[in-house]
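Okay, structure first, notes after.
Heavy atoms only: backbone and side chains are in, while hydrogens, waters and symmetry mates are out.
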Amino acid sequence: MRNTIILTAALLTAGVAGLAMTSPALAQDVAKGQDLFNHKCAACHQKTGLGVKGAFPALAGDPFVQGDPEPVVRTVLQGRGGMPTFAALLSEEQLADIISYVRQAWGNKAQAVDPGFVAQVKENAHPQDKAPTVTH
């Protein structure tokens with residue numbers, strides 16, 4: 001009986017550890033996402049996420065940013081309005097880090113996205129919207 005309890009505890013501990021390692025919220029590196037955001041996005045959206053009124057939308061508190069992640073990923077990949085496309089500029093991992101950071105920064109409370117989801121959205125884009133894949 002004692003061995004069964006020890007084995008069960010070990011399996012549960014391993015399972016919990018495995019879940020933590022694969023959880024999308026933990027998989028993305030928020031510090032990398034913040035650094036990438038500051039270098040690639042903050043010139044327009046500002047480090048505060050408040051944007052520039054009339055020119056660049058605020059990301060802080062934005063329901064779009066905190067909603068369904070698919071349109072957010074698609075927007076970052078393909079651009080919108082005057083926004084550049086990032087599909088060919090950044091890897092799926094880098095895009096997931098940035099998007100996850102934005103969805104969780106400045107009081108935003110949305111789940112992280114993982115590189116596989118970014119790749120899936122990219123793959124499902126209409127052919128005219130697809131950009132080359134970055135591999136680095």
Side-chain angles (χ1 to χ4, degrees):
M1 178 72 172
R2 183 174 178 266
N3 289 341
T4 302
I5 292 171
I6 292 170
L7 179 58
T8 302
L11 289 172
L12 286 173
T13 302
V16 170
L19 285 175
M21 290 173 51
T22 60
S23 169
L26 299 175
Q28 294 322 117
D29 189 326
V30 175
K32 281 185 185 176
Q34 182 178 14
D35 186 56
L36 285 164
F37 177 87
N38 288 340
H39 286 91
K40 304 291 184 185
C41 314
C44 298
H45 295 288
Q46 307 301 298
K47 288 184 180 184
T48 61
L50 296 176
V52 176
K53 190 171 180 151
F56 305 108
L59 304 176
D62 185 352
F64 175 76
V65 168
Q66 297 180 75
D68 179 1
E70 191 272 333
V72 176
V73 172
R74 192 174 60 242
T75 299
V76 174
L77 287 169
Q78 300 170 357
R80 180 170 68 180
M83 180 181 163
T85 64
F86 287 95
L89 298 175
L90 300 169
S91 70
E92 282 87 3
E93 184 172 342
Q94 291 171 314
L95 291 166
D97 287 341
I98 291 171
I99 294 165
S100 295
Y101 167 71
V102 167
R103 288 172 55 84
Q104 297 174 355
W106 317 295
N108 291 343
K109 303 218 182 298
Q111 288 187 333
V113 299
D114 63 41
F117 184 73
V118 173
Q120 177 186 348
V121 173
K122 191 181 216 182
E123 181 63 32
N124 291 334
H126 298 293
Q128 70 272 17
D129 297 332
K130 288 186 180 181
T133 300
V134 175
T135 54
H136 52 79

Short side-chain to backbone donor-acceptor contact, [X] and [Y], under 3.5 Å:
{"X": "N124", "Y": "Q120", "answer": "yes"}
{"X": "H45", "Y": "C41", "answer": "no"}
{"X": "T48", "Y": "L50", "answer": "yes"}
{"X": "R103", "Y": "Q111", "answer": "yes"}
{"X": "K109", "Y": "Q104", "answer": "no"}
{"X": "N108", "Y": "Q66", "answer": "no"}

**OP:** May I ask you to check if R74 and F86 form a cation-pi contact, with NZ or CZ under 6.0 angstrom from the six-membered ring centre and within 45° of the axis?
**Re:** no

Subject >> Matching residue for L95 among V113, L36, L90 - test: side chain to side chain contact (heavy atoms under 4.5 Å, CB included) >> reply: L90

Out of curiosity, does [Y] fall in the hydrophobic cluster containing [X] (side-chain heavy atoms, cut-off under 4.5 Å, transitive links)?
{"X": "F64", "Y": "V118", "answer": "yes"}
{"X": "F56", "Y": "Y101", "answer": "no"}
{"X": "V52", "Y": "W106", "answer": "no"}
{"X": "V76", "Y": "F117", "answer": "yes"}

For the atom pair [atom1] ([X]) and [atom2] ([Y]), what is the distance rounded to the nearest 0.5 Å?
{"X": "R80", "Y": "T75", "atom1": "CZ", "atom2": "OG1", "value": "4.5 Å"}
{"X": "Q46", "Y": "F37", "atom1": "CD", "atom2": "CZ", "value": "8.5 Å"}
{"X": "E93", "Y": "I98", "atom1": "CD", "atom2": "CD1", "value": "11.5 Å"}
{"X": "I99", "Y": "L77", "atom1": "CD1", "atom2": "CG", "value": "6.5 Å"}

Subject >> Closest approach of A58 to D62 (non-hydrogen atoms, all atoms of both residues) >> reply: O-OD2, 3.5 Å

Subject >> Smallest separation among heavy atoms of T85 and L89, with atom names >> reply: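 Answer, listing the atom of T85 first, then L89: O-CD1, 3.4 Å.
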
